[in-house]
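Below, each value reflects all heavy atoms present in this structure, side chains not excepted, and no hydrogens, waters or symmetry copies.
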Amino acid sequence: MRSLPELALRPTRPDWAGGLREAWTPGEDGAAQNLVDFIEDGLGGYADGRDRPDRDSTSRLSPHLRFGEISPRQIWHALGTARKSGEARGSAADAEKFLSELGWREFSYHLLFHNPDLATRNYDRRFDDFPWKHDGEALRRWQRGLTGFPLVDAGMRQLWTTGWMHNRVRMVAASFLIKHLLQDWRTGEAWFWDTLVDADPANNAASWQWVAGSGADAAPYFRIFNPVTQGETHDPGGAYVRRWIPELAGLPDKNIHTPWKAPDDALKAAGIRIGETYPAPLLDIGFGRQRALDAFAMIRG
Ligand SMILES: Cc1cc2nc3c(=O)[nH]c(=O)nc-3n(C[C@H](O)[C@H](O)[C@H](O)COP(=O)(O)OP(=O)(O)OC[C@H]3O[C@@H](n4cnc5c(N)ncnc54)[C@H](O)[C@@H]3O)c2cc1C
């Protein structure tokens with residue numbers, strides 16, 4: 001029998017996996033190391049920092065959990081032991097918040113166990129009548145990080161390059177697809193399923209349904225993440241956007257989440273031509289929000 005390296009499964013031409021190799025060390029050793037690093041260095045400030053995509057504030061244990069390279073119980077006990085011995089950084093609130101996220105994972109698995117078709121069927125059946133639009137071009141622009149909304153585009157490019165996207169940006173990108181673009185949440189779920197290194201049958205399906213409003217314990221239908229204000233709040237200096245959209249890097253902080261509103265001299269100085277070097281926004285954000293509210297009103301009964 002041939003060994004794994006002999007099977008030469010890794011891509012070479014084209015080598016689309018370079019960004020994934022740089023970001024991850026698959027296997028139990030990589031998982032254990034990630035956990036130790038996180039407990040000793042990353043946990044401090046997790047409760048607030050976990051919402052900041054411009055910082056490296058989360059554990060990145062998700063692909064390891066997904067593939068059983070580490071278990072939630074191991075994480076739970078390792079953290080408890082480290083806190084008792086004083087090896088863990090961070091406050092009780094940081095530890096509580098982190099453990100509660102593991103709890104959300106358990107909840108997703110509970111939902112999947114009782115609803116094996118969670119990735120394909122609306123948990124709330126009223127959504128079976130939802131007037132989705134089927135716009136292939138809008139979907140493609142979202143997938144490629146070319147919507148013209150920097151936070152969404154940065155997330156989609158981070159996903160494509162590394163196979164991972166920050167949780168806050170997952171929520172914003174998913175909300176944008178579902179609510180502003182009115183695309184069926186299943187098209188987004190399928191893209192994440194194909195591209196995430198942590199693509200998880202429970203977490204992915206439950207999270208997409210949560211954002212859509214069709215899930216158990218779903219976000220209310222009127223919660224529509226604004227990609228501009230989300231960017232300004234959670235990536236205030238624009239470091240995350242600059243990292244994943246280098247063509248916007250030269251913009252001043254105040255314009256980084258609204259490049260289409262930047263004055264001509266700022267655009268010129270940054271070498272940006274809207275519609276050429278970076279897309280104009282796919283739609284007016286206020287129009288998209290109102291259209292989504294109207295569509296959701298149709299099924300609320
Ligand atoms: C649209 C959408 C799709 C998602 N798809 C997936 C997916 O396919 N696989 C996946 O593991 N997570 C998914 N999530 C949840 C979350 O984004 C990731 O678990 C998290 O970003 C992983 O990074 P981390 O390990 O650094 O998280 P940390 O913040 O360090 O959290 C530790 C662990 O807790 C669990 N966790 C954290 N947040 C959540 C959450 N909101 N719901 C359930 N469990 C959570 C994960 O197992 C994670 O590894 C999705 C979220 C959204 C909004």
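Ring pair Phe176/Phe225: centre-to-centre distance not below 6.0 Å. Centroid-to-centroid, the aromatic rings of Phe130 and Trp185 stay 6.0 Å apart or farther.
The backbone N or O of Ala138 sits less than 3.5 Å from a side-chain atom of Asp135, completing a donor-acceptor pair.
Between Phe98 and Phe38, the ring planes lie tilted relative to each other; the angle falls in the 30° to 60° range.
Shown here is Glu106, whose CD atom has more than 12 heavy atoms of other residues, nucleotides or ligands within 6.0 Å. Heavy-atom neighbours of Arg105 CZ from other residues, nucleotides or ligands within 6.0 Å: above the threshold of 12.
The residues Asp198 and Arg170 are annotated as salt-bridged, a charged nitrogen and a carboxylate oxygen being separated by less than 4.0 angstrom. At a threshold of 4.0 Å, the pair Arg157-Glu247 counts as salt-bridged, since one of the basic side-chain nitrogens sits closer than that to a carboxylate oxygen. For the pair Glu189 and Arg186, the salt-bridge criterion is not met [side-chain N within less than 4.0 Å of a carboxylate O]. Between Asp253 and Arg242 there is a salt bridge, since at least one side-chain N of the basic residue sits less than 4.0 Å from a carboxylate O of the acidic one.
Note that CG of Asn122 and CZ of Arg126 are 10.5 Å apart. Values are rounded to the nearest 0.5 Å. Atom CZ in Arg52 sits 9.5 Å away from atom OG1 in Thr233 (nearest 0.5 Å). Rounded to the nearest 0.5 Å, atoms CG (Leu248) and CD1 (Ile274) are 7.0 Å apart.
Scanning for ring-ring contact (aromatic ring centres under 6.0 Å, His included) contacts around Tyr123 gives an empty result, with sequence neighbours left out.
Across all their heavy atoms, Tyr46 and Asp94 have their closest contact at N-OD1, 3.2 Å.
Using modelled atom types, one finds a donor on one side chain and an acceptor on the other under 3.5 Å when comparing Asp153 with Tyr278.
Screening residues 284-294 for side chain to side chain donor-acceptor pair (under 3.5 Å), with sequence neighbours left out, gives Gln290-Asp294. Each side chain to side chain donor-acceptor pair (under 3.5 Å) pair with one or both residues in residues 15-30, not counting sequence neighbours, appears once here: Asp15-Arg21.
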